[in-house]
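Everything on this sheet refers to the single structure shown next.
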Amino acid sequence: MLDINLIRENPGLVQEKLAKKEYTVDFAEFLARDEKRRELIYKTEQLKADKNKTSAAIPRLKKEGQDVAPVMARMKQIGEEIKAGDEQLADLDRLQQAFLEALPNLPADDVVAGGKENNQVVRVVGQKPEFAFAPRHHVDLVEQLGLIDYTRGAKLGGSGFWVYRGDGARLEWALLNFFMEEHINDGYEMILPPHILTYQCGYTAGQFPKFKDDVFQLRQDEEGGEGFTHFILPTAETALVNMHRDEVLDEDALPFKYFAYTPCYRKEAGSYRAEERGMIRGHQFNKIEMFQYTLPEQSSAALEELVNKAARLVEKLGLHFRVSKLAAGDCSASMTKTYDIEVWIPSMNDYKEVSSASNAGDYQARRGNMRFRRKATGRMEFVHTLNASGLATSRILPAIVEQYQQADGSVAIPEVLRKWMDGRSVLSLKG
RNA sequence: GGAGAAGUAUCGAAGUGGUCAUAACGAGCUCGACUCGAAAUCGAGUUGUCACGAGAGUGGCGCGCGGGUUCGAAUCCCGCCUUCUCCGCCA
């Protein structure tokens, strides 16, 4: 959520910045209603002050034995006027709140305008592997090696699901172990959150109401937000951003650095494409998510820390990848700035995202009311929140299998994972 | 799933229809006094938010959340959430 004062003071600037995200907005009506709203607040508050004063006098008058009937009649009249004013105000509030909530975050100053086509590659690590043989698709490799069972995945969960088996399951878990070990060494606190969250969690993250239909919703009963009360998390970010919702944090204790492992559940309705067969886009995938709560002045540096951490993981796995800085229009609504880490998938002849590192600034903190008291000023301020995958495995595993494949159909195991694979250096057909 | 109890400031907790919610009382924390220093003791301070205002400040709102009754609600009524206790059920 944006600071309403920013819009009041400089609507043109806000408009300009949102235009970088290819979001057009006109504040004229909003500001007119804001003016009206404040007049109304003043008017009803005058009435309430009058009511309070009069009400306090009643017991005194009674004590003095005076007739309070006329005063009570007046109180009733004031009460009705207040009620009418409050109802009018509530209607205005709803309109204004809905307008504000729908606005995306402002992009950082150093983020370029426009959509995907303006993304900039800021770093390339390693190079595309050259094969002296015809490289295979990861779907063929993982099936031949018995790592993934797509048929039975579909039998159990329908399309978009798969089963990790044997060394495939162990390789997947080795990746998670490797990531967790790195984060623990870097001083991040490990979190295992609930996988089922309340509607409010999605709201704070900035994912609801816009993307409420992209998650698996539970308990479609009664009210509770938008027709459902709980959902299965689409990313651990949704959980981690709510850890300190409605809390006042200690300035000296910041930053908080967390990481969480959870599966991520997404409907991905209609987004499946033939080129994404295999594990590029499924309804459930494993991910370790990093998350930070920082002081406002720390968040820019924290974003660089997070993207570097994520990049280091891919680098240690020996994979060829690149880091892109996203143009404003390609950042998600909540974010001021985002880097994507994209790993090379030979069969797709393309780079696919394995990590997205973003700075939400105070946007999520406003939605979730997460603040700290600045000791120097004594004032409350919103914290900044950042998140970054570290990493999602569902594209790392195909990248490993494809980039590490050998002529005989075996796949070498990245050095850093071997200690979780009985020290083996290769997965071969006879394994 | 059933029954009961509870939710008030940083914590414990009093208040059960008005004139002590700038919330009694106790503790914590901050500053000061005392002290060589500390403990103890004494004194002062210690919620957020919205509107108006240059500011000092003035006013509104807030007793888990949302409604209702009433001239007036922490207090009465209804719904919900969370926690605790007991019972039932169960991987």
Side-chain angles (χ1 to χ4, degrees), chain A residues 1-9 30-97 99-101 193-204 218-231 239 242-254 362 365-383:
Chain A
M1 185 140 52
L2 296 183
D3 183 357
I4 189 170
N5 289 313
L6 210 58
I7 300 171
R8 282 176 185 151
E9 285 158 19
F30 175 79
L31 288 170
R33 272 202 306 256
D34 186 51
E35 199 59 40
K36 201 170 138 201
R37 179 176 164 271
R38 287 198 278 178
E39 275 168 28
L40 201 54
I41 287 175
Y42 184 76
K43 212 176 93 188
T44 53
E45 285 190 358
Q46 291 293 305
L47 286 169
K48 284 176 185 175
D50 186 9
K51 187 189 86 168
N52 287 343
K53 229 186 281 174
T54 311
S55 178
I58 289 178
R60 202 180 53 239
L61 292 173
K62 270 187 177 173
K63 215 170 169 183
E64 292 167 5
Q66 298 194 36
D67 177 20
V68 293
V71 183
M72 291 227 191
R74 187 157 156 259
M75 284 285 283
K76 184 149 195 159
Q77 162 102 37
I78 295 174
E80 273 158 20
E81 278 176 49
I82 288 173
K83 196 170 178 185
D86 277 346
E87 273 165 13
Q88 211 181 331
L89 203 52
D91 289 341
L92 267 177
D93 277 348
R94 260 191 297 279
L95 279 173
Q96 297 296 78
Q97 192 65 14
F99 180 89
L100 260 186
E101 283 171 3
H195 297 180
I196 295 174
L197 303 174
T198 59
Y199 183 90
Q200 173 72 38
C201 291
Y203 172 81
T204 301
L218 297 176
R219 283 171 53 179
Q220 316 253 356
D221 49 19
E222 314 120 55
E223 24 244 282
E226 301 276 326
F228 65 100
T229 60
H230 291 72
F231 63 100
N242 282 278
M243 284 274 290
H244 299 292
R245 191 176 76 217
D246 293 320
E247 290 184 24
V248 177
L249 305 173
D250 179 7
E251 179 182 1
D252 294 334
L254 292 166
D362 64 6
R366 283 180 189 281
R367 291 173 83 96
N369 194 28
M370 301 177 269
R371 298 171 296 169
F372 70 98
R373 188 185 298 281
R374 172 89 65 187
K375 286 200 170 124
T377 61
R379 289 179 177 272
M380 297 290 236
E381 290 182 38
F382 290 103
V383 298

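Numbered from 1 within each chain, the chains take letters A, B, ... in sequence-line order.
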(request) Classify the angle between the aromatic ring planes of A/Tyr199 and A/Phe228 as parallel (below 30°), tilted (30 to 60°) or perpendicular (above 60°). (result) perpendicular
(message) Out of the candidates A/Leu95, A/Ile4, A/Asp3, only one should pair with A/Leu100 under the side-chain contact (heavy atoms from CB on, under 4.5 Å) rule; please name it.
(response) A/Ile4
(message) Looking at every heavy atom in both A/Ala365 and A/Val383, which two are closest together, and how far apart are they?
(response) CB-O, 3.2 Å
(message) Can you give me the closest heavy-atom contact between A/Leu47 and A/Ile82, atom names plus distance?
(response) CB-CG1, 3.7 Å
Take the protein atom [atom1] of [X] and the nucleotide atom [atom2] of [N], then report the distance between them rounded to whole Å.
X: A/Lys48; N: B/G72; atom1: NZ; atom2: C1'; value: 14 Å
X: A/Asp246; N: B/C81; atom1: CG; atom2: P; value: 18 Å
X: A/Tyr199; N: B/C81; atom1: OH; atom2: C1'; value: 18 Å
X: A/Gln77; N: B/U70; atom1: CD; atom2: C1'; value: 17 Å
X: A/Asp50; N: B/A51; atom1: CG; atom2: P; value: 22 Å
X: A/Asn52; N: B/G18; atom1: CG; atom2: P; value: 15 Å
X: A/Arg38; N: B/G53; atom1: CZ; atom2: P; value: 8 Å
X: A/Leu47; N: B/A51; atom1: CG; atom2: P; value: 18 Å

Give one of base, sugar-phosphate or nothing for [X], where a contact means two heavy atoms less than 4.0 Å apart.
X: A/Ile41; answer: sugar-phosphate
X: A/Ala49; answer: sugar-phosphate
X: A/Arg366; answer: nothing
X: A/Arg371; answer: sugar-phosphate

Mind checking the [atom1] distance from [N] to [M]? Whole angstroms is fine.
N: B/G2; M: B/A51; atom1: P; value: 44 Å
N: B/A44; M: B/U49; atom1: C1'; value: 26 Å
N: B/U47; M: B/A23; atom1: P; value: 9 Å
N: B/U85; M: B/A24; atom1: C1'; value: 30 Å
N: B/G66; M: B/C81; atom1: C1'; value: 10 Å
N: B/C31; M: B/A38; atom1: P; value: 12 Å
N: B/U75; M: B/C63; atom1: C1'; value: 10 Å
N: B/U22; M: B/U58; atom1: P; value: 13 Å

Paired nucleotide for [N] [Watson-Crick or G-U wobble; both distances under 3.5 Å]:
N: B/U47; answer: none
N: B/A13; answer: none
N: B/A33; answer: B/U41
N: B/A23; answer: none
N: B/A5; answer: B/U83
N: B/G57; answer: B/C52
N: B/C71; answer: B/G18

(request) For atom CZ of A/Arg74, decide whether the heavy atoms of other residues, nucleotides or ligands shown that lie under 6.0 angstrom number more than 12. (result) no
(request) Examine B/C71: is either OP1 or OP2 under 4.0 Å from a nitrogen or oxygen in the side chain of A/Lys76? Give yes or no. (result) yes
(request) Tell me which of A/Arg8 and A/Met72 sits closer to the 5' end of RNA chain B, going by the nucleotide each one is nearest to. (result) A/Arg8
(message) On RNA chain B, compare the nucleotides closest to A/Glu87 and A/Gly79; which residue's is nearer the 5' end?
(response) A/Glu87
(request) For the pair A/Arg245 (side chain) and A/Arg367 (backbone), establish whether a donor and an acceptor sit closer than 3.5 Å, ignoring hydrogens and angles. (result) no
(message) Are the side chains of A/Asn52 and A/Ser55 in contact, using a 4.5 Å heavy-atom criterion?
(response) no
